[in-house]
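All values derive from a computational prediction rather than experimental measurement.
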Amino acid sequence: MRVLVFGAGSLGSLLGGLLARAHDVTLVGRAPHVERVRADGLRITGECSVRVEPAATTAVPDERFDLALVAVKAFDTAAAAEALGAADLDAVLSVQNGLDNERTLAGALDAPVLAGTCTYGARLTEPGTVECTGRGEVALGPPDGGESAVAESVGGALGGADVETTVAADMPRRRWTKLSVNAGINAVTALARVENGALVDGPAGETARRAARETARVARERGIDLADGAAVEAVERVAAATSANRSSMLQDVEAGTRTEVDAINGAVVERAERAVPVNETLTALVRGWERERGSR
């Protein structure tokens, strides 16, 4: 299978590198990372150890690909959709944070778009090298739920590269569960400047659990069967399993760059029928930090 990975940062590079063990992969990312990959290949360290030699470029090639895997920040989705229009795509899989990315991609591209969640941990340690900070799973399927031949084909391709994969018919619930986890972990760890493990039994953990409960309530308002307990359990499970990880939002704050708070806690606030005070507070604080640093 020919696979185009758009957004070869931490997660995109990890998934692209793993897929390159069995497929023809092209990474689209930024210099100097793609330059180093072109010159020396891509090294994956940590819990997965491999060196592969995918193609790497800073622009989408005018070529045909069986699959485009989109791993950019949610606020870059519209730009990604425009750029991907240069290629001839048979299918698209988003593994991004947030709830609206698939709609944006589908509105601009003439290809079926799948929703995906990913629990692999990744950290770009230097140009040409990505660390796998935790093995996980990719779940994928139609954004509105159900089954599709395209999802089965894409799931088979990922599984054929030894990427733990589930083809799921309940992607709406899985996406909201992921949103609960992100709402509970990302902004809290970013504002407190702590690793994920600090939420397991530390004082910030209750804030994370309250954010997750609010997210589950909003999910139910939207017709998604997600209980408070299930959302909280997911936050606790992920925080424990990734205890040494620094969340993506914490990494953004440490780098002084824009975060995905709009697509995470902000998405909960935007969709809520009643007040969600924890998510409202977390969103306002992170947005305030971004504004003062000129990243909004």
Is the shortest side-chain N to carboxylate O distance from [X] to [Y] below 4.0 Å?
X: R213; Y: E206; value: yes
X: R271; Y: D100; value: yes
X: D144; Y: R175; value: no
X: R237; Y: E233; value: yes

Where the side chain of [X] meets the backbone of [Y], is there a donor-acceptor pair that is under 3.5 Å apart?
X: H33; Y: G9; value: no
X: R2; Y: R64; value: yes
X: Y120; Y: E164; value: yes
X: T119; Y: E137; value: yes
X: R38; Y: A56; value: yes
X: T189; Y: N186; value: yes

Assess the side chains of [X] and [Y]: does a donor N or O sit below 3.5 Å from an acceptor N or O?
X: T77; Y: N101; answer: yes
X: T259; Y: E290; answer: yes
X: N245; Y: N196; answer: no

Handout entry: Quiz item: cation-pi between R258 and F75, 6.0 Å / 45°
Key = yes
Test side chain to side chain contact (heavy atoms under 4.5 Å, CB included) on L15 and V95; report intermediate values, then the result. CA-CA 10 Å; L15 291 178; V95 291; 4.2 Å; yes
Besides V28, the hydrophobic cluster formed by Ile, Leu, Val, Met, Phe, Trp and Tyr side chains linked at under 4.5 Å, directly or via other members, contains L4, F6, V60, F65, V70, V72, L84, L89, V92, L105, L109, V113
Just wondering, do K73 and Q96 contact through their side chains at under 4.5 Å, heavy atoms? no
| Taking the side chain as C-beta and beyond, is there a heavy-atom pair between T45 and C132 under 4.5 Å? | no
#### Entry: Heavy-atom neighbours of E82 CD exceed 12 at 6.0 Å
no
Test side chain to side chain contact (heavy atoms under 4.5 Å, CB included) applied to L140 and T165, step by step
CA-CA 8 Å; L140 62 93; T165 307; 3.9 Å; yes
The side-chain contact (heavy atoms from CB on, under 4.5 Å) partners of T125 (sequence neighbours excluded) come to R123, T129, E131
(request) Would you check, one step at a time, whether the test side chain to side chain contact (heavy atoms under 4.5 Å, CB included) holds for I264 with L179? (result) CA-CA 6 Å; I264 300 175; L179 185 64; 4.3 Å; yes
